[in-house]
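When a ligand or atom number is given, it counts from 1 through the structure's own listing order. Index from 1, following the sequence. No experiment lies behind these values; they were computed from the predicted model shown.
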Amino acid sequence: MEKNAKIFVAGHRGLVGSAILNNLKEKGYSNFVLRTHAELDLCNQAAVVEFFDQEKPEYVFLAAAHVGGIVANNLYRADFIYRNLEIQNNVIYNSYRTGVKKLLFLGSTCIYPGLAPQPMKEDCLLTSELEYTNEPYALAKIAGLKMCESFNLQYDTNYIAVMPTNLYGPNDNFNLERSHVLPALIRKAHLGKQLMDGNWEFIRKDFNLAPVEGVDGTATQEQILEKLNKYGITLSLDGKVNIEIWGTGTPLREFLWSEDMADACVFIMEHVDFKDLKGDSKEVRNCHINIGTGKEISIKELAYLIAKKVGFNGNIVFNADKPDGTMRKLTDPSKLHSLGWKHKVELEEGVAMMYDWYINK
Ligand SMILES: NC(=O)C1=CN([C@@H]2O[C@H](COP(=O)(O)OP(=O)(O)OC[C@H]3O[C@@H](n4cnc5c(N)ncnc54)[C@H](OP(=O)(O)O)[C@@H]3O)[C@@H](O)[C@H]2O)C=CC1
Ligand SMILES: C[C@H]1O[C@H](OP(=O)(O)OP(=O)(O)OC[C@H]2O[C@@H](n3cnc4c(=O)[nH]c(N)nc43)[C@H](O)[C@@H]2O)[C@@H](O)[C@@H](O)C1=O
């Protein structure tokens with residue numbers, strides 16, 4: 001990638017897109033074409049055609065997608081499949097049509113079977129059933145990686161698909177209904193701590209609740225408690241505070257710091273071509289690349305790690321009525337390692353940086 005090349009980072013204000021943009025800037029790239037969701041809805045085919053015709057980017061990082069945690073994926077199944085197919089079809093096809101030199105498509109490790117052998121290698125794709133909670137999203141991601149592979153084979157394009165593990169970092173989504181587990185637990189633990197400390201004003205502002213004029217403090221506290229209860233943060237009979245963790249706490253997850261993820265994306269754009277991944281094989285499958293650490297932790301251990309970092313001394317309770325999702329999804333990152341990239345930030349350090357970012361944002 002030439003330093004003055006015109007680069008389109010789709011989704012540049014999101015968790016990964018913002019980290020990719022920063023990483024590119026740090027590495028000396030400066031010629032960006034950027035659009036917010038409001039400026040360009042990537043689901044709008046006509047608008048995307050016009051955008052590519054006008055701007056003619058040379059390189060594309062496709063980090064825009066309809067993204068959410070386990071409950072959002074499970075509830076809004078139509079949105080997750082439809083919007084993601086729309087976004088990726090529009091961006092990948094128009095990249096081909098206007099001669100984009102290279103594109104990086106961001107998938108997810110959800111593409112692998114729910115009961116895949118662990119750790120998951122790239123070639124366990126499509127070997128058995130997907131995990132139900134995010135099946136529509138995973139199917140869209142599989143379509144995206146197959147679209148890259150198929151355009152490469154038929155039209156000799158250079159599109160690479162990467163499959164990141166669960167990510168976290170600056171600009172993450174802290175919405176307690178839609179977010180992934182790590183930002184959700186940081187916010188729940190922090191709110192729980194504020195409640196234990198009687199810091200009502202902080203919680204009121206956090207939920208954007210207007211101060212109630214003419215009503216005494218008690219009424220306002222009731223409103224605040226109602227809001228907290230909705231998200232599983234409650235006063236406990238032992239005088240402490242309970243924060244609710246979804247599921248049993250036993251699922252295992254792997255977490256990668258978003259700035260490491262961005263570094264891997266830029267590294268791959270700079271150093272890896274589809275032809276290197278394909279080699280001499282005639283039947284091409286599984287050329288996508290896992291991006292992960294190869295290390296896992298249970299949700300329960302994660303909850304205690306976050307509580308310790310935040311200084312939350314209340315109770316952690318598990319709500320088994322909420323879904324666990326897949327019990328284990330650990331990547332095998334050996335392909336990525338053999339290409340020359342390895343993660344730097346370990347989970348404990350990442351959680352500390354994430355909490356710092358959250359309280360200072
Ligand atoms: N976060 C994670 O743990 C993981 C993420 N991934 C993948 O990584 C990629 C980036 O995810 P992440 O950064 O977490 O997601 P975010 O939700 O943080 O960011 C997604 C970005 O896409 C934009 N976007 C969404 N829909 C549209 C649209 N119709 N038109 C234009 N822009 C749109 C969003 O804009 P706006 O906010 O304005 O809607 C936002 O800037 C995605 O492909 C995701 O599937 C894969 C594995 C794990
Ligand atoms: C990366 C990948 O992420 C998604 O899959 P997921 O790994 O199941 O996502 P998650 O982060 O939402 O949950 C991880 C685990 O954590 C538990 N959990 C506890 N308490 C909370 C909680 O408060 N919020 C959330 N979200 N989860 C919680 C939760 O029950 C589950 O066992 C895909 O949908 C898809 O988006 C995708 O690409």
Mind checking who shares a hydrophobic cluster with F80, ILVMFWY linked at side-chain heavy-atom distances under 4.5 Å?
->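 Joined to F80, directly or through intermediates: I70, V71, L75, Y76, Y137, W246.
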Under a 4.0 Å N-O cut-off, is there an ion pair linking [X] with [Y]?
X: E346; Y: K295; answer: yes
X: E86; Y: R83; answer: no
X: D273; Y: K275; answer: yes
X: K329; Y: E131; answer: no

With N199, which residues qualify under side chain to side chain donor-acceptor pair (under 3.5 Å), at least two apart?
->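 With neighbours one apart ignored, the set is Q194.
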Pick one of side chain, backbone, both or neither for how [X] approaches ligand 2, counting any non-hydrogen atom pair under 4.0 Å.
X: N73; value: side chain
X: S179; value: backbone
X: I299; value: side chain
X: P323; value: backbone
X: K329; value: side chain
X: K188; value: side chain

Which protein residues have a heavy atom closer than 4.0 Å to any atom of ligand 1, listed by chain and number?
->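 Residues within 4.0 Å of ligand 1: G11, R13, G14, L15, V16, H37, L40, D41, L42, C43, A63, A64, A65, V67, I87, L106, G107, S108, Y137, K141, P164, T165, N166, L167, H180.
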May I ask you to list the atoms of ligand 2 that are less than 4.0 angstrom from any heavy atom of D324?
->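 Near D324, meaning under 4.0 Å from one of its heavy atoms, ligand 2 has 31 (C), 32 (O).
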Should you measure from each heavy atom of N134, which atoms of ligand 2 turn up under 4.0 Å away?
->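 Every atom of ligand 2 under 4.0 Å from some heavy atom of N134: 5 (O), 33 (C), 34 (O).
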Greater than 12 external heavy atoms within 6.0 Å of F32's CZ =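 Yes, enclosed.
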More than 12 foreign heavy atoms under 6.0 Å from NZ of K308: is that the case here?
->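 Result for NZ/K308: open.
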Sub-3.5 Å N/O-N/O distance, G68 and ligand 2 =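 G68 vs ligand 2: N/O contact under 3.5 Å present.
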For ligand 2, is there an N or O atom under 3.5 Å from any N or O atom of I70?
->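 Right, the criterion is met.
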Point-to-point distance, once rounded to the nearest 0.5 Å, from NZ of K27 to CG of D263 =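 Going from NZ on K27 over to CG on D263, the span is 4.0 Å.
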Any idea which protein heavy atom is nearest atom 28 (C) of ligand 2, and the distance to it?
->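 Answer for atom 28 (C) of ligand 2: V181 CG2, 3.5 Å.
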For atom 8 (O) of ligand 2, grab the closest protein heavy atom and report residue, atom and distance to one decimal in Å.
->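 The closest heavy atom on the protein side is R253 NH2, 3.0 Å.
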Check T331, T326, L330 against T109 for a side-chain contact (heavy atoms from CB on, under 4.5 Å) and give me the one that passes.
->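 In the set T331, T326, L330, the residue that makes a side-chain contact (heavy atoms from CB on, under 4.5 Å) with T109 is T331.
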Show which side-chain atoms of residues 349-361 pair as donor or acceptor with protein atoms under 3.5 Å away, not counting sequence neighbours.
residue, atom, partner, partner atom, Å
Y355, OH, H190, ND1, 2.7
Y358, OH, D206, OD1, 3.4
N360, ND2, D356, O, 2.9

